[in-house]
Enquirer: 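Once you've had a glance at the structure underneath, I'll fire off some questions.
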Amino acid sequence: MAGQFRSPATPATTISDMNEDAIAHCAGYLSLRDVCNLAMTSSALKRLAYSDSIWQRFFREHWHQQPASHSSGNGAREVYLARHAAVRQFKFLDPFVLEIREHAKAFNQLLLHKNHLFFSQGSVVKMIDLDGYLKATTDFFHMLSDHKARITCMRLFPLNEVTSLFRGETQGEQNVLVTSSCDHSIRLWGKGSSLRCFRGHNGPVLSLSNKLLGEDNSKVLASGGEDGTVRLWSLSSSGRRGQRALKATFYGHEKPVNLMSVAGHKTSLLVTISRDSKVRVWDTGTATSSAVRTSCCVGMTSVPGTPVNLKCHESLLYVAAGSSVTAVDLRTMQKVITAAVHQPKLCSFDAVPSKYLICTGGDGRAMLWDIRRNQDPLKPEPIAELGGHCGQVTLLYMDPYKIVTGGPNNAYVNVWEVDTGVQTNSLLCSSTGKDGAGSGCDAMAVDGCRIATASSCEDWGVLHFKDFNNATNSVTKPESEPSSKFWDSMFISDDDSDE
């Protein structure tokens, strides 16, 4: 009987029952990601998430300065997003600049992760902690000289993917360096020394996978060699020499394996291309031992011309070879479209497939292409030509904000808006010898709002590092002004801040 006299249930209180001031106050303690997620929940919370007070706080915390007045009608969020895009497009004249002199030897590889530089000259790898360099600490520099021949490839992998090697260590070092060499070996580096040496290839190791393959604790590294084999390695194997590291060897290529990439839609699929432009797709998930494996090949095709680069996005593969870029569906191995044709030949290639944009580098110019517009397989048309280069554009970087182009005959690297191909800046990268002769750009690396370039002459080599995060003096370039006047000084000192 008592059940008949129950009081009505009190409705649950939700966030929408709170007044707007209280929600806005709470949102002031959220991260940028959390605020963006909040904006997607409802129209009312979106209005609160876009309030000026929240985005003014983000602006001050991120750049340690007050946001510019938005009298044009744009709110604080729009001002924040405009600044965020501008620093990533290098649209400023006063970045923090650091110049480091090195030995007079060509730079082969260059990587940049936040304020850490990794570069190779011949068989030697050098690591520089830029923060430590500025503070003059004793351990800011490491020279790794265990390889006996030229370094061919360098990769950085997240520390948490190879944690078994660093048990008990702090997570301060966010990446682990892996290198391949013409001395037939692969080395894994940490704490300024070689932690593992992997041997198995019967010749120079030419390529390393851009990501680790597989899931969780079973992740492996792939390598391609002059011997035409593809090999899988466990980075967490026991034994300093990595005797038990080799997990599988794939045969099938008849020529050296120059390039490889992990598929975007399935982390166990590896795409490789050999010097004769033969493409193979391997299912590494079916490889369980170091025995000979040919059945792991699940797809094959070929493209015309010498391979230049390749990139995977979801189930599509973009292969740059000869004078064209071809898109291949990895599920069927059918060629979908010729995305670009750059005569007489390609020198470099990169892509932002999520925006349907690719860029090709050739002789004297680069070209920007929209994949959606190039439905004519015989004559695809670029949406912009990025000119002003001397000689071949061999260095090309692309992200959702910008394109950066350079080459061995150019004293500057040029920066372009990714959506339009409009030039935003031109950055000095050359070194000048005692005889006054300048040099071009040997290598380039970009990480968000930071860029590092390397050049060498007969007398010395020079690394230039530029960080645009705290820059304030915007580029204003008249149409008639040559791009070389963007930079009048090789060194500008300013306060630096990690982004």
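Note that the numbering runs from 1 along the sequence shown for the chain. Quick caveat, the model's predicted, so the values are computed rather than measured.
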Enquirer: Which heavy atom of L428 sits nearest a heavy atom of S430, and at what distance?
Expert: CD1-OG, 3.7 Å
Enquirer: Return yes if a side-chain donor-acceptor contact under 3.5 Å exists between S180 and T152, otherwise no.
Expert: yes
Enquirer: Look at D419 together with K355 and state whether they make a salt bridge at an N to O cut-off of under 4.0 Å.
Expert: yes
Enquirer: State, to 0.1 Å, how close M367 and P382 come at their nearest heavy-atom pair, and which atoms those are.
Expert: SD-CG, 4.0 Å
Enquirer: Are R331 and E314 within salt-bridge range, i.e. N to O under 4.0 Å?
Expert: no
Enquirer: Grab the two heavy atoms, one from Q423 and one from S426, that are nearest each other, plus how far apart they are.
Expert: NE2-CB, 3.8 Å
Enquirer: Who are the ring pair (Phe, Tyr, Trp, His ring centres under 6.0 Å) partners of F349, not counting sequence neighbours?
Expert: none
Enquirer: Can you name the ring pair (Phe, Tyr, Trp, His ring centres under 6.0 Å) partners of Y356, sequence neighbours left out?
Expert: none
Enquirer: Apply the test salt bridge (charged side-chain N to carboxylate O under 4.0 Å, His left out) to residues R187 and D183: give CA-CA distance (whole Å), side-chain angles for both, the deciding distance (0.1 Å), then the verdict.
Expert: CA-CA 11 Å; R187 288 186 179 271; D183 66 4; 5.1 Å; no
Enquirer: Are the side chain of S209 and the backbone N or O of A222 linked by a donor-acceptor pair below 3.5 Å?
Expert: yes
Enquirer: Is it true that a side-chain atom of S123 and a backbone atom of K148 form a donor plus acceptor pair closer than 3.5 Å?
Expert: no
Enquirer: So, the side chain of S207 versus the backbone of V257: is there a donor-acceptor pair under 3.5 Å, distance only?
Expert: yes
Enquirer: Using side chain to side chain donor-acceptor pair (under 3.5 Å), reason through S354 and H313 one step at a time and then give a plain yes or no.
Expert: CA-CA 8 Å; S354 60; H313 175 68; 5.7 Å; no
Enquirer: If you count heavy atoms of other groups shown closer than 6.0 angstrom to CD of E254, is the number above 12?
Expert: no
Enquirer: Do side-chain atoms of D94 reach the backbone of T472 as a donor and acceptor pair under 3.5 angstrom?
Expert: yes
Enquirer: For residues 387-406, pull every pair meeting salt bridge (Lys or Arg N to Asp or Glu O under 4.0 Å), keeping only residues two or more places apart or in separate chains.
Expert: D399-K402
Enquirer: Distance-only, no hydrogens or angles: does the D329 side chain make a donor-acceptor pair with backbone N or O of Q334 under 3.5 Å?
Expert: no
Enquirer: For F141, enumerate each residue passing the ring pair (Phe, Tyr, Trp, His ring centres under 6.0 Å) test, keeping only those at least two apart in sequence or located in another chain.
Expert: none
Enquirer: Tell me the ring-ring contact (aromatic ring centres under 6.0 Å, His included) pairs involving residues 385-408, sequence neighbours left out?
Expert: H84-Y401
Enquirer: Is there a side chain to side chain donor-acceptor pair (under 3.5 Å) between T249 and R231 once you walk through the steps?
Expert: CA-CA 4 Å; T249 302; R231 299 176 189 257; 3.3 Å; yes
Enquirer: If you round to the nearest 0.5 Å, how far is CG of L221 from OG of S223?
Expert: 6.5 Å
Enquirer: So does K211 have more than 12 non-hydrogen atoms from other groups sitting under 6.0 Å from NZ?
Expert: no
Enquirer: Looking only at atom types and distance, does a side-chain atom of S120 sit under 3.5 Å from a main-chain N or O of Q109, one as donor and one as acceptor?
Expert: yes
Enquirer: Atom CD1 in I100, atom CG in L130: separation rounded to 0.5 Å?
Expert: 5.5 Å
Enquirer: Just by distance, no angles: are the side chains of T360 and H342 close enough, under 3.5 Å, to form a donor-acceptor pair?
Expert: yes
Enquirer: So, taking the atom named CZ in R450 and the one named CG in N469, what distance separates them when rounded to the nearest 0.5 Å?
Expert: 6.5 Å
Enquirer: Salt bridge check, E226 against R275: does any charged N sit closer than 4.0 Å to a carboxylate O?
Expert: yes
Enquirer: Go through the steps for H253 and S274 under the test side chain to side chain donor-acceptor pair (under 3.5 Å), then give the verdict.
Expert: CA-CA 7 Å; H253 283 296; S274 53; 3.2 Å; yes
Enquirer: Of the non-hydrogen atoms in G407 and L395, which two are nearest, and what is the gap between them?
Expert: N-CD1, 4.4 Å
Enquirer: Quick one: list whatever passes ring pair (Phe, Tyr, Trp, His ring centres under 6.0 Å) with F90, sequence neighbours left out.
Expert: F468
Enquirer: Do K114 and D447 meet the salt-bridge criterion of a basic N to acidic O distance under 4.0 Å?
Expert: no
Enquirer: Is the backbone of D283 close enough, under 3.5 Å, to the side chain of S268 for a donor and an acceptor to pair up by distance?
Expert: no
